[in-house]
Amino acid sequence: MSEEPSDLLAARRAKLERMREQGVDPFPHDYPGVTAIAEVAAAHAGLADGEETDASYRVAGRLAARRGQGKMAFLDLVDRSGRIQLQAKSDVLGEEAMERLLDLDLGDLLGVDGTVFASRTGELTLRVTDFAVLAKSLRPPPDKHHGLQDVETRQRRRELDLMANEEARELFMTRAKVISTLRGYLDSHGFVEVETPVLQPLYGGALARPFTTHHNALDRELYLRIATELYLKRCVVGGLERVYELGKDFRNEGLSTKHNPEFTMVEWYEAYADYSDAMARVEQAVAAVAGAVGYEGEYDLTPPWPRIALAQAVLDETGIDIRANPDRESLVAAIEASDRAELEVEDHAWPKLVDDLLSKYVEPKITNPVFIIDYPVELSPFAKRHRSEEGLVERFEAFCGGMEFANAFSELNDPDEQRRRFEEQVRLGEAGDEEAQPYDEGYVEALEQGMPPTAGVGLGIDRLVMIMCGKSSIREVVLFPAMRD
RNA sequence: GCCGCCGUAGCUCAGCUGGUAGAGCAGCGGGCUUUUAACCCGAAGCGCGCAGGUUCGAGUCCUGCCGGCGGCACCA
């Protein structure tokens, strides 16, 4: 990682020493009064070619390019908001300062006082009247024109990606916008943001394997949460009525273009609402996000989105009727008889087979957002029984671009039914299902206290950002994705 | 875990059917007062991911390993 030829590093260190010898602090403490480059540009749009102004600004950023002229040079300075050209003239700065300025390296952090003018080709430029090194850079930056292309380096050393590639900066600014818009949507609709434990004595709320850790003082195993679901519903039991939490969940599973072991999820719970209300909220929230980030991608995110029953979607894509084959034996026979579906049947139980059909034949076909609704009860230990469909629960998942990005249901609030569901999970766990839910008596007791009818939603932020930014890999939208050592 | 593709200078990339490694940018020295991937001159910089093997000779062919990407599996 730090195997650069020593002469490249030595040259920068030599300049560092030279600065110190000249009495210049290469790492000053502050630089007050900086204006964003974009703000300077916005204030002077439409200058005529060669037009001078008497407007002065102080800007700061990283030195990105230099076109030297001996007694005059042009430099490019980049900050978070944009890039601006600087003009350095020997007769303005004096020879000594000019020499110091030209002795800087690409990548150095630089503060500049300058006067706005337009170059003779019309480019907005700051004529440098004074400058200060704000931090010496001791390593060479990525290529000034090609940026940093190598995917591995971009992800392992995101700071280089961010400094070299404007698109990377924009993407993570967009990500921030997605999150603040979601918060804004929920805040403005009466939801209270809460924080529940990340370290949990018992994990739950999703079908997944957890990470484990150890608390020394308590001398006990703890789990990193796989979902916020159960604690949030306890908040609803307590009367907070509309709550949400936005943060990291952790699932001990493989990496893929759609999975990172730690990922960001927002879950919200709304008392006196059901999954139909939740669908409307998801549509509204996504539409709000799309508007805020100026979405111009390939999908039509405009509400309302189609609602398709899971069984119907599977029937449409495979010709297999899961409702007519409600047990493992007949479903296996139907799959094997089908010429449109081919699955590893093996020892998979009925719900698992349904899930397989969904993820293999339905999910990849979906482009524009769709709600797949009404799931088999076996796949959904926390969802409430469907009010009219036997064996189903009131649950939906939202899909877009070939992947799921939200999961929601009318929450099961009958404690006795919940207890039976947990017992079933325990049976599955004992049968070897490593993702089965552990029994959570504390949660059941909370339900016994009485939880109002409630709709709950979990929405994957990373995947939503992927959709908004048109990225096909989650690693592109996570600053520091998990990678091998 | 399995399959395929990839790994050459700090960065971006060439390198044919095996003949002993190059360019641009960056860096170094010099020139240049309106450049825009500035330009011009000069001198440098590569154990070709790692380890073996085949061969007179390997960046190039073979095997294993490491890392990345994509897919499958696992998994929401």
Side-chain angles (χ1 to χ4, degrees), chain A residues 1-12 14-15 49-50 63-76 83-93 98 102-103 105-107 117-125 127 137-157 160-161 163-165 205-209 226-227 249 251-261 263 265 344 346 352 355-356 358-360 363-364 379-380 397-399 403-407 434-435 458-460 462-463 472-476 481 483-485:
Chain A
M1 266 315 180
S2 51
E3 310 299 326
E4 289 93 320
S6 57
D7 58 328
L8 287 180
L9 304 184
R12 286 174 180 255
K15 291 182 183 179
D49 294 0
L63 186 58
R66 177 170 50 218
R67 297 172 289 280
Q69 312 283 322
K71 290 192 167 52
M72 182 177 75
F74 291 94
L75 308 95
D76 289 346
R83 173 184 286 247
I84 193 167
Q85 175 168 271
L86 309 175
Q87 183 200 50
K89 293 178 75 176
S90 186
D91 56 2
V92 174
L93 286 167
M98 185 72 181
L102 294 183
D103 202 33
D105 288 306
L106 297 189
F117 73 104
S119 77
R120 67 180 181 188
T121 57
E123 176 157 348
L124 187 78
T125 306
R127 178 169 298 124
S137 172
L138 295 173
R139 289 182 178 275
D143 187 273
K144 69 176 180 183
H145 180 244
H146 298 94
L148 183 66
Q149 303 294 327
D150 182 74
V151 173
E152 181 174 359
T153 310
R154 283 183 41 236
Q155 293 174 0
R156 284 189 192 276
R157 304 207 51 205
L160 297 180
D161 186 31
M163 78 174 68
N165 301 323
L207 302 176
R209 294 159 68 182
I226 59 174
D249 288 340
R251 298 186 184 176
N252 208 335
E253 60 196 27
L255 312 182
S256 82
T257 49
K258 296 180 175 61
H259 300 84
N260 197 55
F263 62 101
M265 173 107 111
E344 300 267 332
E346 292 182 10
K352 171 66 177 162
D355 199 29
D356 288 347
L358 174 65
S359 28
K360 188 165 177 186
E363 183 168 349
L379 286 172
S380 318
E397 293 185 305
F399 294 85
M403 66 182 174
E404 179 229 338
F405 69 94
N407 177 30
E434 291 182 317
E435 296 178 353
L459 193 156
D462 311 282
R463 291 181 177 182
S472 57
S473 170
I474 197 170
R475 273 170 252 131
E476 292 289 342
M483 301 189 92
R484 286 175 214 276
D485 283 333

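Just so we're on the same page: letters track the sequence lines, and every chain starts at 1.
Contact annotation: Arg484(A) side-chain N/O to rG68(B) OP1/OP2 distance is under 4.0 Å. Remark: Lys352(A) is in phosphate contact with rC75(B), judged by side-chain N or O atoms under 4.0 Å from OP1 or OP2. Distances shorter than 4.0 Å separate none of the side-chain N or O atoms of Arg139(A) from OP1 or OP2 on rC11(B). For the OP1/OP2 pair of rC11(B) and a distance below 4.0 Å, the side-chain nitrogens and oxygens of Arg154(A) include no atom meeting the criterion. The side chain of Thr257(A) places an N or O atom within less than 4.0 Å of a non-bridging phosphate oxygen (OP1 or OP2) of rG71(B).
Searching all strands for a Watson-Crick or G-U wobble partner of rU34(B) with both distances below 3.5 Å returns nothing. Base pairing annotation: rG1(B) forms a Watson-Crick or G-U wobble pair with rC72(B), both donor-acceptor distances under 3.5 Å. In a base pair of the Watson-Crick type (N1 to N3 plus N6-O4 or O6-N4) or a G-U wobble (N1-O2 and O6-N3), with each distance short of 3.5 Å, rG22(B) is matched with rC13(B).
A salt bridge between Arg120(A) and Asp49(A) is absent, with no side-chain N of the basic residue lying under 4.0 Å from a carboxylate O of the acidic one. Salt-bridge formation is not detected for the pair Asp150(A)/Arg154(A): no Lys NZ or Arg NE/NH1/NH2 atom is positioned less than 4.0 Å from an Asp or Glu carboxylate oxygen.
Using a 4.5 Å heavy-atom cutoff, the side chains of Leu379(A) and Lys352(A) are not in contact. Side chains of Leu148(A) and Thr153(A) form a contact here, defined as non-hydrogen atoms less than 4.5 Å apart.
For the C1' atoms, the distance from rA26(B) to rA9(B) is 11 Å, rounded to whole Å. On the P atoms, rC65(B) is 28 Å away from rC13(B), given to the nearest whole Å. For the C1' atom pair drawn from rC66(B) and rA73(B), the interatomic distance equals 22 Å after rounding to whole Å. If you take atom P in rC6(B) and the same atom in rU17(B), they sit 13 Å apart, rounded to whole Å. rA23(B) sits 30 Å from rU33(B) when the P atoms are compared, rounded to a whole Å. Here, rA14(B) and rG59(B) have their C1' atoms 12 Å apart, quoted to the whole Å. Comparing the same atom, C1', in rG22(B) and in rG45(B) gives a spacing of 12 Å after rounding to whole Å. When the P atom is compared between rG30(B) and rG68(B), the two are found 44 Å apart, to the nearest whole Å.
Separating the NZ atom of Lys15(A) from the P atom of rA26(B) is a distance of 12 Å, rounded to the nearest angstrom. Rounded to a whole Å, the CG atom of Leu255(A) is 13 Å from the C1' atom of rG1(B). Here rA26(B) presents its C1' atom at 15 Å from CG of Leu75(A), a figure rounded to the nearest Å. Rounded to a whole Å, the CD atom of Glu253(A) is 13 Å from the P atom of rC74(B). Between the P atom of rC32(B) and the CE atom of Met98(A) lies a distance of 12 Å, rounded to the nearest Å. Residue Gln155(A) contributes atom CD, which lies 10 Å from atom P of rG68(B) at whole-angstrom precision. One interatomic measurement links the two molecules: CD of Glu363(A) to P of rC75(B), which rounds to 14 Å at whole-angstrom precision. Counting to the nearest Å, the P atom of rC6(B) and the CD atom of Gln149(A) are 19 Å from each other.
The side chain of Arg156(A) has rG68(B) as its nearest neighbour among rG68(B), rU12(B), rG27(B).
If you check every strand for non-hydrogen atoms under 4.0 Å, Ile474(A) touches nothing. Within the 4.0 angstrom heavy-atom criterion, no nucleotide atom of any strand lies near Arg209(A). Nucleic acid contact class of Glu404(A) (heavy atoms, under 4.0 Å, all strands): base. Using a 4.0 Å heavy-atom cutoff across all strands shown, Asp150(A) reaches sugar-phosphate atoms only and no base atom. Contacts of Met483(A) with the nucleic acid, taken as non-hydrogen atoms under 4.0 Å apart, involve only primed sugar atoms and P, OP1 or OP2. Counting any heavy atom pair closer than 4.0 Å across all strands shown, Ala164(A) reaches no nucleic acid atom.
Contacts of Ser90(A) classified as side chain to side chain contact (heavy atoms under 4.5 Å, CB included), with partners at least two apart in sequence or in another chain: Lys71(A), Glu95(A), Met98(A). Applying the side chain to side chain contact (heavy atoms under 4.5 Å, CB included) criterion to Pro481(A), with sequence neighbours excluded, gives Gln155(A), Arg158(A), Asn260(A), Arg475(A), Val478(A). Under the rule for a salt bridge (charged side-chain N to carboxylate O under 4.0 Å, His left out), Asp355(A) has no partner lying at least two apart in sequence or in another chain. Applying the side chain to side chain contact (heavy atoms under 4.5 Å, CB included) rule to Glu397(A) yields the partners Leu358(A), Tyr375(A), Arg395(A), Phe399(A), Glu404(A), Asn407(A); only residues at least two apart in sequence or on another chain are considered. When the side chain to side chain contact (heavy atoms under 4.5 Å, CB included) test is applied to Glu253(A), the partners found at least two apart in sequence or on another chain are Arg251(A), His259(A).
Both Lys258(A) and Asp91(A) sit near RNA chain B, but only Asp91(A) has its closest nucleotide nearer the 5' end. Where Arg251(A) and Arg12(A) meet RNA chain B, the nucleotide closest to each residue was compared, and Arg12(A) sits on the side nearer the 5' end.
In this structure, Arg209(A) places its CZ atom where only 12 or fewer heavy-atom neighbours from other residues, nucleotides or ligands lie under 6.0 Å away.
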Readout for nucleotides 34-41 of chain B: B = base within 4.0 Å of protein heavy atom, S = sugar-phosphate only, - = neither; 5' to 3' it is BBBBB---

